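Given the structure is predicted, the values throughout are model-derived calculations rather than measurements. Side chains are part of it too, since the values below use all heavy atoms of this structure and drop only hydrogens, waters and symmetry mates.
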Amino acid sequence: IVVIGIALAIFVQKPAQVTQPSRGSKEPTSTEEQEEGVTNTTRPDGVSSDRKEDFYTFLVWGRDTYGGGNTDTIMLASYDIPNQQLSVMSIPRDTLVNVSWDIKKINSVYNMYGGGDEGMDALKEEVSQLVGFIPDYTFVVEWEAVGKLVEAVGGVYFDVPCRMYYNDLSQNFKIDLQEGYQLIDGDKAMQLLRWRHNSDDNGNILNSGYANGDLGRIETQQAFLQAAIEQCLQNITDVKTITGIAQIFFENVTTELSVGNLAWFAQQAIFGNSEGKKLDMNSVTFLTMPWVAANGVWSRTYNNHPSYVAPDVDEVVEVVNEYFNPYVEDLRKDELDIMYVNDDGTLGCTSGVLEDTKYNSWVKGKNSGSSSSSGSSSSSSKPSSSTSPSPSASASASPSTSPSTSPSPSPSESTAPSTSPSVTPSPSPSESVTPSPSPSETQPAVSETPAPSPSESVTPSPSPSESGG
């Protein structure tokens with residue numbers, strides 16, 4: 001939608017080249033600053049902040065009428081216009097991030113800051129800690145728009161990876177798809193993108209989700225969106241289709257970019273850059289953030305171990321520099337703030353500044369109480385050779401275009417709810433805040449008109465995001 005839906009815009013205006021610095025190191029300069037979480041947001045000394053020409057980065061996230069307050073679909077995108085390369089990296093909703101509250105999943109950040117502009121700014125900042133720079137612009141996409149897009153292009157042929165049946169009586173929502181290659185219309189598209197696991201007719205969850213949990217859902221979403229984009233590119237010369245796609249975009253996407261900015265991007269993609277080179281499917285890459293399993297993180301709210309993944313530092317740096325880095329010089333590991341789990345269950349981060357200042361002390365006390373025969377000496381130091389622990393499961397950095405087809409013998413859901421409360425904390429949530437398992441589904445009104453000034457770092461005021469069926 002972001003790539004194709006802007007085709008009918010009239011006033012072409014090149015967006016301003018964003019000059020904001022990268023997120024940079026989080027290392028404090030004093031004990032007081034460490035206690036307050038003060039950070040350094042410039043690139044390290046001796047590292048250039050010069051940007052690549054006509055290279056833009058975007059934070060794209062989706063929200064759903066069937067979702068709670070969490071941003072379950074989060075994607076980092078880049079558009080390299082001179083090389084006509086579009087790259088999209090999905091960030092798993094269970095990604096472990098350095099925050100002060102109990103459930104440390106990236107999909108909780110927007111809601112924990114009260115949503116709106118503050119929530120979006122906080123989410124952009126958190127993403128920047130994972131990738132080393134703040135995305136230039138944001139796109140908030142209503143998930144329903146994907147179904148409308150599919151209808152506008154006459155459907156999309158797609159191989160549904162497995163039998164999908166889910167009946168949610170409380171929301172009057174049903175997923176019913178057969179396995180195999182078929183023409184997917186708009187309604188079926190939304191069922192496909194929302195599915196996580198099967199249920200019986202009464203809504204009781206069955207053990208038949210993706211073999212690799214929510215990551216399997218990401219793979220299916222990526223493969224389907226790629227097929228939808230390809231279908232759009234094939235129909236982009238049809239005036240009726242162009243009109244329909246443009247209308248869907250403006251009704252369902254919120255962004256700080258102006259109509260003229262969007263038209264300029266469309267012009268570069270569809271009609272070609274200054275050298276006449278156009279964007280095609282061979283230069284569109286979908287990836288999932290490289291990750292390692294982050295097992296053993298204890299929830300003091302739910303008294304269990306929620307499902308987490310942590311970025312694989314070395315692979316993330318490699319992927320970001322190849323596809324997403326807007327700067328001329330490569331980003332470095334010391335510009336990221338990546339969480340990891342020590343052998344004793346304590347947490348560490350590559351920045352050395354843990355936002356949840358009470359967690360490790362609590363874990364050490366818990367370990368000491370459960371092991372009276374031997375004093376627990378916690379290993380909370382940063383790994384010497386790699387900032388990522390040896391994973392029990394990991395995700396490759398290679399682009400992924402096909403979904404997983406193997407059903408799982410166990411539920412794909414997290415052991416704890418992946419939602420957080422619809423609260424309104426101060427701009428810096430207190431470490432004592434813990435989410436309740438059921439966020440409010442009330443959504444504020446969505447702005448119908450994007451902000452007119454792309455040169456300013458203005459973020460949209462979105463409502464709570466999608467969490468799916």
Side-chain angles (χ1 to χ4, degrees), residues 2 23 57-64 67 70-78 86-99 103-113 119-141 143 193 196 212-222 225 285-294 306-313 315-326 331 335-340 349-350 388 393-400 414 418-420 462 465-468:
V2 171
R23 189 193 173 290
T57 60
F58 312 91
L59 178 62
V60 184
W61 65 269
R63 62 184 173 202
D64 193 354
N70 293 335
T71 51
D72 280 5
T73 302
I74 303 173
M75 295 177 284
L76 177 69
S78 68
L86 174 66
S87 304
V88 181
M89 180 173 71
S90 294
I91 300 175
R93 63 175 185 158
D94 292 340
T95 298
L96 181 65
V97 291
N98 192 1
V99 294
I103 302 301
K104 305 179 188 305
K105 298 187 177 187
I106 194 168
N107 73 333
S108 71
V109 173
Y110 174 81
N111 208 33
M112 287 298 290
Y113 278 84
M120 178 55 68
D121 287 342
L123 182 58
K124 287 176 69 175
E125 174 71 11
E126 208 61 52
V127 169
S128 76
Q129 293 181 16
L130 302 179
V131 300
F133 61 89
I134 299 176
D136 298 331
Y137 300 106
T138 55
F139 288 98
V140 184
V141 182
W143 259 125
L193 296 173
R196 287 198 182 97
N212 53 346
D214 204 59
L215 296 170
R217 181 171 176 256
I218 289 176
E219 291 174 359
T220 297
Q221 288 178 347
Q222 290 179 343
L225 292 175
T285 303
F286 282 87
L287 312 99
T288 299
M289 181 195 74
W291 57 273
V292 296
S307 173
Y308 286 106
V309 298
D312 184 309
V313 182
E315 289 196 28
V316 166
V317 170
E318 181 179 346
V319 167
V320 167
N321 281 326
E322 181 175 356
Y323 295 101
F324 301 99
N325 181 13
L331 288 162
E335 296 183 73
L336 279 58
D337 186 18
I338 304 297
M339 297 283 284
Y340 55 85
C349 57
T350 58
S388 299
S394 63
S396 170
S398 302
S400 173
S414 164
S418 190
T419 57
S420 56
S465 76
E466 169 277 327
S467 66

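A donor-acceptor pair under 3.5 Å is formed between the side chain of Y308 and the backbone N or O of K104. Judged purely by atom type and a 3.5 angstrom limit, D337 has no side-chain atom pairing as donor or acceptor with the backbone of Q129. Q221 contributes a side-chain N or O that, together with a main-chain N or O of L193, makes up a donor-acceptor pair within less than 3.5 Å. The main-chain N or O of V292 is never found under 3.5 Å from a side-chain atom of D312 such that the two would form a donor-acceptor pair. Under the 3.5 Å distance criterion, the side-chain polar atoms of T350 are matched with a main-chain donor or acceptor of I338.
By the side chain to side chain contact (heavy atoms under 4.5 Å, CB included) test, V309 pairs with P92, T95, W291, sequence neighbours left out. Partners of S78 by side-chain hydrogen bond (donor to acceptor under 3.5 Å, both in side chains), not counting sequence neighbours: none found.
Interatomic distance, N325 CG to E335 CD, rounded to the nearest 0.5 Å: 8.5 Å. In this structure, CD on E322 lies 8.5 Å from OG1 on T285, to the nearest 0.5 angstrom. The CD1 atom of I103 sits 10.0 Å away from the CG atom of N107 when rounded to the nearest 0.5 Å. Atoms OG and CZ, from S108 and R93 in turn, are 12.0 Å apart once rounded to the nearest 0.5 Å.
Between V88 and M75 the shortest heavy-atom distance is CG1-SD, 3.8 Å. Among all heavy-atom pairs drawn from K124 and P135, the shortest one is CE-O, 3.4 Å.
Between W61 and Y110, the distance from one ring center to the other falls under 6.0 angstrom.
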inquiry  = Quick one, L123 with I106, criterion side chain to side chain contact (heavy atoms under 4.5 Å, CB included). Give me CA distance, side-chain angles, the key distance, then yes/no.
reply    = CA-CA 8 Å; L123 182 58; I106 194 168; 4.2 Å; yes

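Checked against C349 for a side chain to side chain contact (heavy atoms under 4.5 Å, CB included), the options L96, V97, N98, L336 give a single hit: N98.
Neither side chain, T288 nor E219, offers a donor N or O lying under 3.5 Å from an acceptor on the other.
Within the 4.5 Å cutoff, the side chain of F58 has no heavy atoms near those of the D136 side chain.
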